[in-house]
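Model, not experiment: these values are computed from the prediction. Labels below follow one simple rule: chain letters A, B, ... track the order of the sequence lines, proteins then strands, and each chain is numbered from 1.
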2 protein chains.
Amino acid sequence: MGKQKLTIRDIAKMARVSHMTVSRALNDDPRVREETRKRILELVNKLDYRPDARARIFSSKKSHLIGLVVSSISNPFYAELARGIEDKAHEQEYNVIFCSTENKSERTETYVHLMMDAGVDGFIFASSRLHEPVVEKLIDEHFPLVLVNRKLRGETCNYVVLNNVQGAYEITEHLINLGFEKIAIITGTSNLSTGIDRLKGYQLALRDYRMEFNENYVIQGPFTRETGYEGTKQLLTMKKRPEAIFGGNDYIAMGVIDAVEELGLHIPEDIALVGFDDNEFASNQRIRLTTVSQRKYEMGNMSVQILIDHIERKETDYTHRVILEPRLIIRESCGEKLWEKRKNKQPPGSEIEAFGSLDRM
Amino acid sequence: MGKQKLTIRDIAKMARVSHMTVSRALNDDPRVREETRKRILELVNKLDYRPDARARIFSSKKSHLIGLVVSSISNPFYAELARGIEDKAHEQEYNVIFCSTENKSERTETYVHLMMDAGVDGFIFASSRLHEPVVEKLIDEHFPLVLVNRKLRGETCNYVVLNNVQGAYEITEHLINLGFEKIAIITGTSNLSTGIDRLKGYQLALRDYRMEFNENYVIQGPFTRETGYEGTKQLLTMKKRPEAIFGGNDYIAMGVIDAVEELGLHIPEDIALVGFDDNEFASNQRIRLTTVSQRKYEMGNMSVQILIDHIERKETDYTHRVILEPRLIIRESCGEKLWEKRKNKQPPGSEIEAFGSLDRM
DNA sequence: CAGGGGAATGTTACCGGTAACATTAAAATA
DNA sequence: TATTTTAATGTTACCGGTAACATTCCCCTG
């Protein structure tokens with residue numbers, strides 16, 4: 001059939017102008033006369049001409065493509081982040097290529113190359129490994145990129161992270177303000193900065209409020225439901241049983257619920273509970289969990305914005321650092337309704353050392 | 001700096017050959033002498049030359065880019081599907097561009113255009129609307145594409161779907177084989193083909209096993225935890241209380257658990273439960289749910305394979321239809337351990353009308 | 001009315017690869 | 001040895017846009 005794809009020169013011929021005039025008309029160049037433009041656009045519409053994207057990319061040296069590298073797209077954290085990235089990107093006529101590395105370094109390398117081949121204008125990395133040669137190489141070449149929720153050791157780079165110390169501090173403070181004195185924490189392993197930072201925030205809050213820090217009230221393990229379950233069983237068999245539990249993330253908090261219910265106790269009447277992350281199920285459970293929002297969607301938004309700025313301004317340095325402040329999501333798992341305004345302590349002064357161990361992320 | 005990006009002609013000059021020889025060497029053309037190739041590749045390595053992706057895409061007319069359109073990336077179903085798609089695509093050196101439409105038609109249109117501009121070689125649509133003008137237009141133009149888990153009314157097109165009727169049939173059969181006679185179903189609204197099909201499978205199984213169909217045992221509502229919760233409360237207050245509940249998806253099954261526990265009953269001792277989907281949390285709960293796998297990851301795999309075939313063979317017709325058979329995931333929520341081999345009925349004949357209402361997907 | 005200036009449009013080159021055809025040199029054959 | 005064949009490499013054009021510079025034409029001004 002006559003499916004011989006139309007080019008800008010075909011249109012030009014039919015409109016009896018040069019191909020440049022057509023190009024200009026299509027790009028809203030103010031130099032073309034209104035009448036000419038109209039004539040051209042009519043033809044373009046009638047023939048349903050669409051400029052060849054590949055040619056355009058090639059000559060303009062811009063793909064409007066962003067590469068997103070996450071460690072696992074099935075992890076709801078990254079899914080939500082991806083949504084934030086994608087929405088913001090599309091808003092500005094950028095497209096997102098993505099891949100998930102499943103935390104394998106060689107996959108990261110393959111994918112980065114694939115994406116370079118696809119011609120991405122920049123990268124967003126939200127995978128979690130510390131030392132990543134490919135990424136470091138990109139940084140050396142000043143290729144536009146942004147790190148989300150992580151930081152490479154020693155490298156200066158654009159990044160967007162959540163202040164985990166602050167978040168843990170505030171949620172602990174929330175418990176303190178409700179009048180709880182025996183507060184336990186069950187949190188993630190000590191080789192993840194998130195775990196470390198949340199524990200740190202918890203400790204700082206206790207310190208600032210001059211509360212006793214009881215080592216037996218700290219339980220660590222992987223960030224899983226199991227950990228919450230086992231940890232809670234352990235805590236609840238202590239003679240000096242805690243009144244409140246801070247689950248290092250919402251999965252752990254789920255495990256806490258399991259154990260508490262199994263022991264025939266109730267949340268929040270018998271024991272208060274907070275989580276961290278604000279996962280979808282945190283609001284969706286019978287027990288509506290008080291937790292800290294990781295603001296994943298916004299992190300996505302911001303990282304894209306930074307990246308696009310970087311790309312379009314052709315900046316050569318990485319100067320954008322965003323530390324998002326956490327946001328408490330107060331629901332009912334601490335008996336907020338029961339205890340409201342029971343006490344409302346003020347911290348006796350002291351500044352928190354927020355965002356302390358960032359460079360271990 | 002001398003950061004003047006290297007071209008193939010620069011390499012050529014330094015290797016004292018023509019740029020075509022370099023191009024050939026890089027593309028494993030057997031015509032270049034081994035010695036020459038080595039000399040060129042050494043230079044390429046030393047100078048870290050990478051061919052300009054955009055130029056290559058432009059001249060070869062292939063982007064190796066696949067556009068994936070889902071309705072919501074935060075939905076774990078699509079996340080898992082995306083993973084399947086992505087893995088398979090990368091395996092064959094293809095990249096995936098994605099976007100989620102949040103079920104808005106105008107977004108679909110925008111995104112499809114954006115992706116066309118990015119130069120995708122083909123599309124995978126996993127969004128759920130029935131009538132989508134942009135998609136229909138692509139089909140008219142015989143543009144390579146595959147539909148996943150849906151089918152456009154009246155259009156012939158490549159697709160990959162799960163046999164929901166069969167899945168529901170089998171899981172109902174599972175309950176029947178365990179000896180349950182009063183089996184209720186709580187499932188999704190009747191305007192979703194998945195809901196319809198699962199109900200149909202349930203009915204067919206009852207019919208084939210000559211079991212009574214009790215209308216009061218059918219509860220419909222949105223595919224949410226709420227529906228499961230409310231439905232169960234309703235069911236369990238009936239005088240002729242069901243012994244088993246079939247939750248139309250795992251979210252509904254979660255709600256069933258909530259209600260059952262609230263009433264002080266236990267699963268599976270007092271009531272058996274099955275779900276559908278095999279969501280992550282289905283295995284992760286205290287109550288390990290017996291359910292039906294939607295084989296999301298495999299659906300992703302297959303759809304990519306079909307698409308790439310379509311692209312590379314330059315087929316002009318849509319002839320690939322894949323109907324995946326469901327897979328039962330037997331855990332313990334029906335007391336499988338307790339009841340094993342209690343009875344093991346055989347259906348008294350009759351063929352199931354599998355995959356009945358596909359064209360309403 | 002010559003010449004300057006700006007608006008509208010045209011010409012040409014170029015981006016960095018690949019494809020098609022051309023050329024050279026060495027090996028095989030007559 | 002002349003001639004054909006073939007392997008290895010080279011030349012040129014082209015893909016379909018955009019950028020830079022050139023040209024026309026008309027109007028305005030001194």
Side-chain angles (χ1 to χ4, degrees), chain A residues 3-41 43-44 47-65 93 113 116-121 312 314, chain B residues 3-41 43-44 47-65 93 113 116-121 312 314:
Chain A
K3 259 291 177 195
Q4 229 39 274
K5 199 160 185 288
L6 285 171
T7 77
I8 208 168
R9 287 167 228 254
D10 297 325
I11 302 290
K13 218 165 284 167
M14 310 178 97
R16 309 170 154 278
V17 292
S18 80
H19 72 280
M20 269 320 288
T21 307
V22 178
S23 172
R24 289 183 185 120
L26 289 171
N27 288 290
D28 295 315
D29 190 309
R31 279 176 294 182
V32 299
R33 219 190 333 162
E34 200 43 51
E35 187 206 316
T36 321
R37 176 196 315 282
K38 236 178 87 185
R39 182 154 43 97
I40 292 173
L41 292 186
L43 261 171
V44 164
L47 303 175
D48 196 31
Y49 162 80
R50 310 211 80 221
D52 182 303
R54 301 168 224 254
R56 171 178 277 173
I57 289 170
F58 176 54
S59 36
S60 70
K61 302 291 145 205
K62 293 232 121 67
S63 65
H64 268 224
L65 226 49
E93 310 251 281
H113 284 149
M116 285 300 257
D117 284 352
V120 294
D121 290 337
E312 304 203 330
K314 296 183 206 295
Chain B
K3 260 291 177 192
Q4 228 43 273
K5 198 163 183 291
L6 284 172
T7 78
I8 207 169
R9 287 166 228 256
D10 296 325
I11 302 289
K13 219 164 285 168
M14 309 178 97
R16 307 168 156 280
V17 291
S18 80
H19 71 281
M20 269 320 289
T21 307
V22 178
S23 172
R24 288 182 186 120
L26 290 170
N27 289 290
D28 294 315
D29 190 311
R31 282 176 293 183
V32 300
R33 217 190 336 164
E34 200 42 53
E35 184 206 318
T36 321
R37 178 197 313 285
K38 237 179 85 186
R39 182 156 42 97
I40 292 174
L41 292 186
L43 260 171
V44 163
L47 303 175
D48 197 30
Y49 161 79
R50 313 211 79 222
D52 181 304
R54 302 167 223 255
R56 169 179 280 174
I57 289 170
F58 176 54
S59 35
S60 71
K61 302 292 147 204
K62 292 232 125 63
S63 65
H64 268 223
L65 226 50
E93 308 251 282
H113 284 150
M116 285 300 257
D117 285 352
V120 293
D121 290 335
E312 304 203 330
K314 297 183 205 295

Asn27(A) and Arg56(A): CA distance, side-chain angles, deciding distance, side chain to side chain contact (heavy atoms under 4.5 Å, CB included) verdict: CA-CA 11 Å; Asn27(A) 288 290; Arg56(A) 171 178 277 173; 4.1 Å; yes
Shortest side-chain distance from Ser18(B), nucleotide among dG17(C), dG10(D), dG17(D): dG10(D)
Residue whose closest nucleotide on DNA chain C lies nearer the 5' end, His19(B) versus Arg24(A): Arg24(A)
Nearest-neighbour nucleotide for the Ser23(A) side chain, dG10(D), dT18(D), dG17(D) considered: dT18(D)
Carboxylate-amine/guanidinium proximity below 4.0 Å for Glu35(A) and Lys38(A): no
Between dG17(D) (C1') and Ile57(B) (CD1): distance, integer Å: 15 Å
Upstream residue (5' side of DNA chain C) when Arg9(A) and Arg31(A) are each assigned their closest nucleotide: Arg31(A)
Residue Phe58(B), side-chain atoms from C-beta onward, closest of dT9(D), dG10(C), dG16(D): dG16(D)
Under-4.0 Å salt bridge between Asp52(B) and Arg9(B): no
Ser59(B) vs dC14(D): side-chain N/O to OP1/OP2 distance below 4.0 Å: no
Of Pro51(A) and Glu34(B), the one whose closest DNA chain D nucleotide lies more 5': Glu34(B)
Nearest listed nucleotide, side chain of Met20(A), among dG10(C), dG17(C), dT11(D): dG10(C)
Nearest-neighbour nucleotide for the Thr7(B) side chain, dG16(C), dA8(D), dG16(D) considered: dG16(C)
Sugar-phosphate, base or nothing in reach of Arg54(A), heavy atoms under 4.0 Å: nothing
Thr21(A) vs dG10(C): side-chain N/O to OP1/OP2 distance below 4.0 Å: yes
Any side-chain heavy-atom pair of Ile57(A) and Ile57(B) under 4.5 Å: no
Distance test, side-chain N/O of Tyr49(A) to OP1/OP2 of dG16(D), below 4.0 Å: no
